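This report refers to the structure that appears directly beneath it.
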Amino acid sequence: MDRRVRVRFAPSPTGPLHIGGVRTALYNYLFAHKHGGDFLIRIEDTDQTRFVPGAEEYIIESLKWLGIEASEGIGFGNGKHAPYRQSERKPMYKDFAMQLIANGHAYYAFDTAEELDSMRDRLKASNVDAKYDAITRGTMKNSLTLSEDEVNRRLENGDAYVVRFKLPRKEEVKFEDEIRGWVSFNTNQMDDKVLYKSDGMPTYHLANVVDDYLMEISHVIRGEEWLPSAPLHVLLYRAFGWENMMPKFAHLPLLLKPEGNGKLSKRDGDRLGFPVFPINWIDPITQELSSGYREAGYLPKAVVNLLAFLGWNPGTQQELFSLEELVQAFSLDRVSKSGAKFDQNKAKWFNQQYVRQLADEALAPVLFEALGNIGTTDQFSHDFLLKVCSLVKEKISFTNEIWEYSKYFFIAPIEYDMQVVNKRWTDKTPKLLGDLIEDFEQLSSFTQETVEASYQKALAKNEVQGKDFLQLFRVILTGVAGGPPLFEIAALIGKTESLNRLRNALSNITK
RNA sequence: GGCCCGUUCGUCUAUCGGUUAGGACAAAAGAUUUUCAUUCUUUAAAGAGGGGUUCGAUUCCCCUACGGGCUACCA
């Protein structure tokens, strides 16, 4: 059956979206575009106790920053299947739960939390798997054990109830995962999952299956943590009689911690020194900040590129891909099966590649902002900023490093790299600097070439070797030992500033 | 504990029974750059272990080990 490709990213707004989730969204996006289909965003906020204010907005903003745009759903203009927020779809789920009760695939259960606990304790004590299943449900308070009158009495009385799925006994459930191939589970290992909660909300399982069906989802691409509940979902499609409309499943490998143990979690980021969130997040309750890629100086294109390669590869040697190129190259059967550890070095390398490709105009605003922070924006022209960006760009890996590497273009050094000074400052130096100052003053045109000519002249006059002095000259002008070509720096900051810095050095540096 | 998924250089991975097991990041060495960064060259680095199947297994099957996930009226 050939049907229109429709996929969804369905996060729950319980906090900031972490990069594993971003990657899931990305793969969904790539798959949809590859097949000319639709990519939609649905918010799964059925657990009202875990709702976190701002989380939904955060998710949308993150995806927009990365350019992972949905064609339909929350944050991207509703489509024909609105609403796309499950809390707003609440009224429709009950009918589906009732439908399952009517056809014998589900039942009411009235057990209290205490009764469930005592059942589990009892079974655990006798070393049996404690679950609400084909064996134990006969001992519990539900519409299978209670008389019809009693059930009706309780329902009319408004007693709290849940709807549980009546799992078939000892049945092998098989399905073909697009990434893992045939996967099979036996229902005797599963339990009668709650589908409809006592607060009138569906659980993930019901809402997910119902919405995927109603929204005509063709492929469910989600994290591997959902693999164990996939058979339940398959059974639900069957129980509803929707098997011919059941989406294909693709369970993605998990993103693992770099140190090795466990999946990457929300708390790992700042502890390990790299972000696990796309953008900064401030916890609304604790006010604790979790840093994001955006603020850490990553470029969205780099994040997309590096995330795409965590668990997928094109099978060629090409590593740098735009989003459009990824769409062209992407396929589910090149997604790997095993979890990938996040590699900070590789991430840095990807970013560096994109920083270099960045136009000076795109980098200048970052520099401008840094300048604003120290209050000296006015005195520098846009053209000057662009030239600084062009000179410094290849030295940095992250956009927010630009200030650190370029501040001497704007502020005369107050400190000098003393290692260089101690090594290179000799008795001849003051005289040499004096000659340089004299010569610079005579220059009517202060360019890279004229500066270098003056420099060579002064060296010759004082019988100093270039390699003995140049780095000291650099430190005198910039304060630091490394950087772009020195004569270009001098020409850019200009004659007056260069002279100032030479004179400063003469009076400041005492050996 | 039970169930499920996985396992190639330190890391991400290529290989769809026959390869000197390839690439990238990181590491090391050298060259270039008057510095730093870049760039270039080079080096080191892997099939978890054990059984099968086969003329031949990294590749297919089984067992073990290890890693991961799930095991809620959370998603």
Side-chain angles (χ1 to χ4, degrees), chain A residues 10-14 44-50 86 109 111-113 116 120 124 127-132 160-164 177 179-181 183-186 188-191 193-205 207-208 222-231 251 253-254 256-258 260-263 306 309-320 333-334 336-350 352 356 392-397 405 417 420 455 465-475 478 480-487:
Chain A
S12 48
T14 54
E44 310 224 325
D45 54 348
T46 53
D47 186 354
Q48 297 170 317
T49 64
R50 290 213 303 159
Q86 289 182 329
D111 315 280
T112 63
L116 288 170
R120 289 183 180 123
K124 270 183 187 151
N127 235 333
V128 182
D129 245 11
K131 50 189 179 19
Y132 206 117
Y161 69 87
V162 300
V163 175
R164 282 182 183 272
D177 188 273
I179 293 169
R180 285 153 213 286
V183 180
S184 112
F185 291 82
N186 196 296
N188 62 20
Q189 295 295 334
M190 298 160 60
D191 62 351
K193 277 276 176 309
V194 170
L195 301 177
Y196 189 79
K197 301 185 272 190
S198 58
D199 65 357
M201 274 290 195
T203 59
Y204 170 85
H205 304 104
N208 192 261
R222 69 209 329 178
E224 195 187 356
E225 70 267 28
W226 292 109
L227 192 54
S229 49
H251 290 94
L254 264 15
L256 273 17
K257 298 177 202 276
N261 295 303
K263 74 171 172 173
L306 75 92
F309 269 72
L310 245 29
W312 170 87
N313 77 84
T316 65
Q317 305 284 68
Q318 186 183 349
E319 293 206 271
L320 263 17
D333 49 49
R334 293 209 67 89
S336 47
K337 296 180 177 70
S338 49
K341 285 179 190 163
F342 185 86
D343 184 355
Q344 200 179 350
N345 281 322
K346 193 73 181 248
K348 179 180 173 180
W349 178 81
F350 269 115
Q352 195 180 52
R356 265 182 227 161
V392 177
K393 194 160 59 183
E394 69 173 24
K395 312 280 176 197
I396 62 174
S397 299
Y405 283 80
D417 185 325
V420 175
Y455 170 82
Q465 294 297 308
K467 64 179 163 73
D468 292 334
F469 181 63
L470 196 106
Q471 205 178 15
L472 179 59
F473 188 35
R474 175 182 290 281
V475 168
T478 71
V480 293
L486 188 54
F487 301 115

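Chain naming here is simple, since letters A, B, ... match the order of the sequence lines and numbering starts at 1 in each. These figures come from a predicted structure and were not determined experimentally.
Separating the CG atom in A:D45 from the CZ atom in A:R50 is a distance of 12.0 Å, to the nearest 0.5 Å.
When Watson-Crick and G-U wobble pairs are counted only if both distances are under 3.5 Å, B:U33 pairs with no nucleotide at all. Taking a pair to require two hydrogen-bonding distances under 3.5 Å in either a Watson-Crick or a G-U wobble arrangement, B:G67 pairs with B:C5.
Counting any heavy atom pair closer than 4.0 Å across all strands shown, A:F185 reaches sugar-phosphate atoms only and no base atom. Among the heavy atoms of the strands lying under 4.0 Å from A:N313 are primed sugar atoms or P, OP1, OP2 only; no base atom is included. Counting any heavy atom pair closer than 4.0 Å across all strands shown, A:E394 reaches a base atom. When heavy atoms are screened at a 4.0 angstrom cut-off, A:T316 is found touching no nucleic acid atom at all. A:F487 comes within 4.0 angstrom of a nucleotide base, judged by non-hydrogen atoms across all strands. Within 4.0 Å (heavy atoms only), A:A481 reaches at least one base atom of the nucleic acid. Contact annotation for A:S184: backbone-only contact, meaning every heavy-atom pair under 4.0 Å involves sugar-phosphate atoms and none involves a base. No engagement by A:R222 is indicated, since no non-hydrogen atom pair under 4.0 Å with the nucleic acid exists. A:G311 comes within 4.0 angstrom of sugar-phosphate atoms only, judged by non-hydrogen atoms across all strands, and of no base. Across all strands, A:P253 comes closer than 4.0 Å to no nucleic acid atom at all (heavy-atom distances). Counting any heavy atom pair closer than 4.0 Å across all strands shown, A:P485 reaches a base atom. As judged by a 4.0 angstrom heavy-atom cut-off over every strand, A:G483 is placed among the base-contacting residues. Among the protein residues, A:D111 comes within range of the nucleic acid bases, having at least one heavy atom under 4.0 Å from a base atom.
At the phosphate of B:A75, OP1 or OP2 sits under 4.0 Å from a side-chain N or O atom of A:K197. OP1 or OP2 of B:U39 lies within a sub-4.0 Å distance of a side-chain N or O belonging to A:R356. Side-chain nitrogen and oxygen atoms of A:R180 include none within less than 4.0 Å of the OP1 or OP2 phosphate oxygen of B:G6. OP1 and OP2 of B:C73 both lie 4.0 Å or more from every side-chain N or O belonging to A:R50. Between A:T46 and B:C74 there is no side-chain N or O to OP1 or OP2 distance below 4.0 Å.
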Could you go over nucleotides 61-66 of chain B and give all protein N or O partners under 3.5 Å, atom names and distances?
none

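A:Q471 places its CD atom 8 Å from the P atom of B:U35, with the value rounded to the nearest Å. Look at CG on A:L227: it is 11 Å from P on B:C4, rounded to the nearest Å. Across the protein-nucleic acid pair, A:L195 atom CG and B:A75 atom P stand 11 Å apart, rounded to whole Å. In this structure, A:N345 atom CG and B:A24 atom P are separated by 16 Å, rounded to whole Å. Whole-Å rounding puts the A:R334 CZ to B:C12 C1' distance at 14 Å. The separation between A:N188 atom CG and B:U71 atom C1' is 14 Å, rounded to whole Å. For the pair A:Q352 CD and B:A26 C1', the interatomic distance rounds to 13 Å; values are reported in whole Å. Atom CG of A:D199 is separated from atom P of B:C74 by 7 Å (rounded to the nearest Å).
Counting heavy atoms from C-beta outward, A:P484 and A:K395 have side chains that approach closer than 4.5 Å. The side-chain heavy atoms of A:L306 and A:F309, taken from C-beta on, include no pair separated by under 4.5 Å.
Annotation: B:A44 and B:G10 have their P atoms spaced 15 Å apart (nearest Å). When the C1' atom is used for both B:G18 and B:G68, the distance is 34 Å, rounded to whole Å. Distance noted for atom P between B:A21 and B:U13: 22 Å (whole Å). Spacing between B:U15 and B:C9 at atom C1', rounded to whole Å, works out to 15 Å.
Judged by distance alone, with hydrogens and angles left aside, A:K346 brings a side-chain donor or acceptor within reach of the base of B:A24, the pair sitting under 3.5 Å. For B:C73, the base has a donor-acceptor partner in the side chain of A:S198 [N/O atoms by modelled type, under 3.5 angstrom].
A residue-by-residue look at A:P202 and A:R474 shows that A:R474 has its nearest nucleotide of RNA chain B further toward the 5' end. Between A:H205 and A:Y455, the residue whose closest nucleotide on RNA chain B is further toward the 5' end is A:Y455.
Put simply, the side chain of A:S198 never gets that close to the backbone of A:V162: no donor and acceptor are under 3.5 Å apart. At distances below 3.5 Å, not a single donor-acceptor pair connects side-chain atoms of A:K131 with backbone N or O atoms of A:Q189.
Looking at the side chain of A:Q317, the nearest of the listed nucleotides B:U13, B:C25, B:G22 is B:G22. Of the candidate nucleotides B:U13, B:A14, B:A75, B:A75 has the atom nearest to the side chain of A:E44. Among the nucleotides B:C4, B:G2, B:A75, the one closest to the side chain of A:W226 is B:A75. Each of B:U13, B:C5, B:A24 was ranked by its minimum atom distance to the side chain of A:S336; first place goes to B:U13. Of the candidate nucleotides B:G2, B:U11, B:G68, B:G68 has the atom lying nearest to any side-chain atom of A:E224. Which of B:C5, B:C73, B:U11 sits closest to the side chain of A:D343 comes down to B:U11. Picking from B:A37, B:U13, B:C3 the nucleotide with the shortest atom distance to the side chain of A:K395 gives B:A37. Of the candidate nucleotides B:A24, B:G1, B:C73, B:G1 has the atom nearest to the side chain of A:D129. Comparing atom distances between the A:W349 side chain and each of B:U7, B:A24, B:G69 picks out B:A24 as nearest. Proximity note for A:K341 (side chain, C-beta onward) versus B:C4, B:C12, B:U15: the nearest is B:C12.
A:S12 and A:E44 are not linked by any side-chain donor-acceptor pair at a separation below 3.5 angstrom, with hydrogens and angles left out of the test.
Salt-bridge formation is not detected for the pair A:K346/A:D343: no Lys NZ or Arg NE/NH1/NH2 atom is positioned less than 4.0 Å from an Asp or Glu carboxylate oxygen.
Between A:F473 and A:F487, the angle of the ring planes lies from 30° to 60°, which puts this pair in the tilted group.
Summarising the local packing, CD of A:Q318 is surrounded by more than 12 heavy atoms from other residues, nucleotides or ligands at distances under 6.0 Å.
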